[in-house]
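Since the structure comes first, as structure tokens, the remarks are kept for the end.
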There are 2 protein chains.
Amino acid sequence: MALRPASPEGDTRQQILQRAITLFAGAGYAGVSVRDVAAQVGISAAALYHHFPDKQALYLAAMEHAFARNESGILAALESERSPLERLSGFVTGFVALAAGDQEFSKLVQRELLDGDEARLELLAEHVFRHPHAAIVALARELAPDLDSYILADSVIGLVLFSFQTAPLRRYLAGRAGPPERPEDIARHVMTLLTRVFARQDAP
Amino acid sequence: MALRPASPEGDTRQQILQRAITLFAGAGYAGVSVRDVAAQVGISAAALYHHFPDKQALYLAAMEHAFARNESGILAALESERSPLERLSGFVTGFVALAAGDQEFSKLVQRELLDGDEARLELLAEHVFRHPHAAIVALARELAPDLDSYILADSVIGLVLFSFQTAPLRRYLAGRAGPPERPEDIARHVMTLLTRVFARQDAP
DNA sequence: GTCTATAGCCTGATAGAC
DNA sequence: GTCTATCAGGCTATAGAC
């Protein structure tokens, strides 16, 4: 499974999935036609139907592909043996880099949150969020035992993702002159906030 | 403009807008046909074209209507003369209530963030976010002069909205047995976090 | 202001040749 | 595995009667 270097048939299939991810991320399921995807690959719609039985199956396979290619990345930072706050910082940095580097992924997640049926939401939870979410819940329990760890974990993820979701709007809200924030800026800001949240209040 | 009680023509137009908001929020621009909207109102598609020149104009009018009906609500809490932290709490409570009470509105905002062109994003910024955003920026500057007020304001809004965006996914993430959180729970949690962020660290 | 009818195009999907 | 050709149906939008 690891060696064979892109068998000829699998190559077209991979290319279809890649183009489909880009198009679906940009315009959503209803906004993309099978012909659109085929045209991007450079084949006819009929040829695409040789690789996937129907549009729904193509969409689902594209989701699985997009989610799987990001599955491992998020976890690395959480697995280390450093202090809780350092592990949290590692996760935030890695998650910001992921969201910034693969914006198609971020958009697909957003679209699934809006339109995903039960099966696709479970796929998203399983492949993308289940493991890191559990790790952050544990982390939150260590860092702030007095708060609800589950809601806290959601907030950590939310602080990162929301920065990217609202990026298109930020241009129209006053006060921001220069270019959009760099990923490092976002990660640093989120950690500034979280450090304050998790700081033990030793004083009154 | 205030007295005339629903002139006969305006009534159909209002009904079209109302149904369009519901449908567009549920399935997006590409996922809803003009026939769908007309059928919901109980008229033919041709009749709908008497009220709006084309589908794009119908969509834009629906957005304006959905945004306008929420314009005033968010602001009330921010205008009072209480302490900064009380005003923040008032905003969070009001904003959570808005997002929970009008989920069509929340969905439309999400969809616009994904698919909105420049004109519609500016509409969204102007009618929905500009004024409260500016107020929260000012609030953030009062509460934490050492942090970036703009990013901080985004985070406040993000903490609230993200709780609702991820609600469909939460069902598939471990640890949550009971029913989804009530709006009051979300508001209280967000304020718990923000109170910690804004607490002046008097001790080392 | 609403209807029926229809033009012209795009859609998902299939048949059959190569 | 890919093509051309095609089908049946849905789409936006318009024409014209009432």
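Naming: A, B, ... by sequence-line order, numbering from 1 per chain.
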Quick one: list whatever passes side chain to side chain donor-acceptor pair (under 3.5 Å) with B:Q40, sequence neighbours left out. none
Quick one: which residue pairs count as a ring pair (Phe, Tyr, Trp, His ring centres under 6.0 Å) with a foot in residues 105-145 of chain B, not counting sequence neighbours? none
Could you give all pairs that pass the salt bridge (Lys or Arg N to Asp or Glu O under 4.0 Å) test and reach residues 51-65 of chain B, with sequence neighbours left out? none
Please tell me which of the listed nucleotides, C:dA15, D:dT2, C:dT2, lies nearest to the side chain of B:A47? C:dT2
Spacing between B:F52 atom CZ and C:dG1 atom C1', to the nearest angstrom: 14 Å
Pull out every residue in residues 25-43 of chain A that has a heavy atom closer than 4.0 Å to any atom of DNA chain C, ordered by number, or say none. A:V32, A:S33, A:V34, A:R35
Using atom OH of A:Y49 as one end and atom C1' of C:dT14 as the other, report the distance to the nearest whole Å. 10 Å
Could you list the residues that satisfy side chain to side chain donor-acceptor pair (under 3.5 Å) with B:T166, not counting sequence neighbours? B:R170
When rounded to whole Å, the CD1 to C1' distance for the pair A:I16 and D:dT2 reads 11 Å
With a cut-off of less than 4.0 Å, is there a side-chain N or O of B:S44 near OP1 or OP2 of C:dC3? yes
Side-chain N,O (B:H50) to OP1/OP2 (D:dT14) below 4.0 Å: no
What integer distance in Å separates A:K55:NZ from C:dT14:C1'? 17 Å
What is the distance, to the nearest angstrom, from the CG atom on A:L48 to the P atom on D:dT4? 15 Å
Output for pair (A:D102 CG, A:K107 NZ), nearest 0.5 Å, gives 12.0 Å
Tell me every residue that passes side chain to side chain donor-acceptor pair (under 3.5 Å) with A:S163, counting only those two or more places apart in sequence or in another chain. none
Less than 4.0 angstrom between a side-chain N/O of B:T12 and OP1 or OP2 of C:dG1, yes or no? no
Whole-Å distance separating the CG atom of A:L23 from the P atom of C:dG12: 12 Å
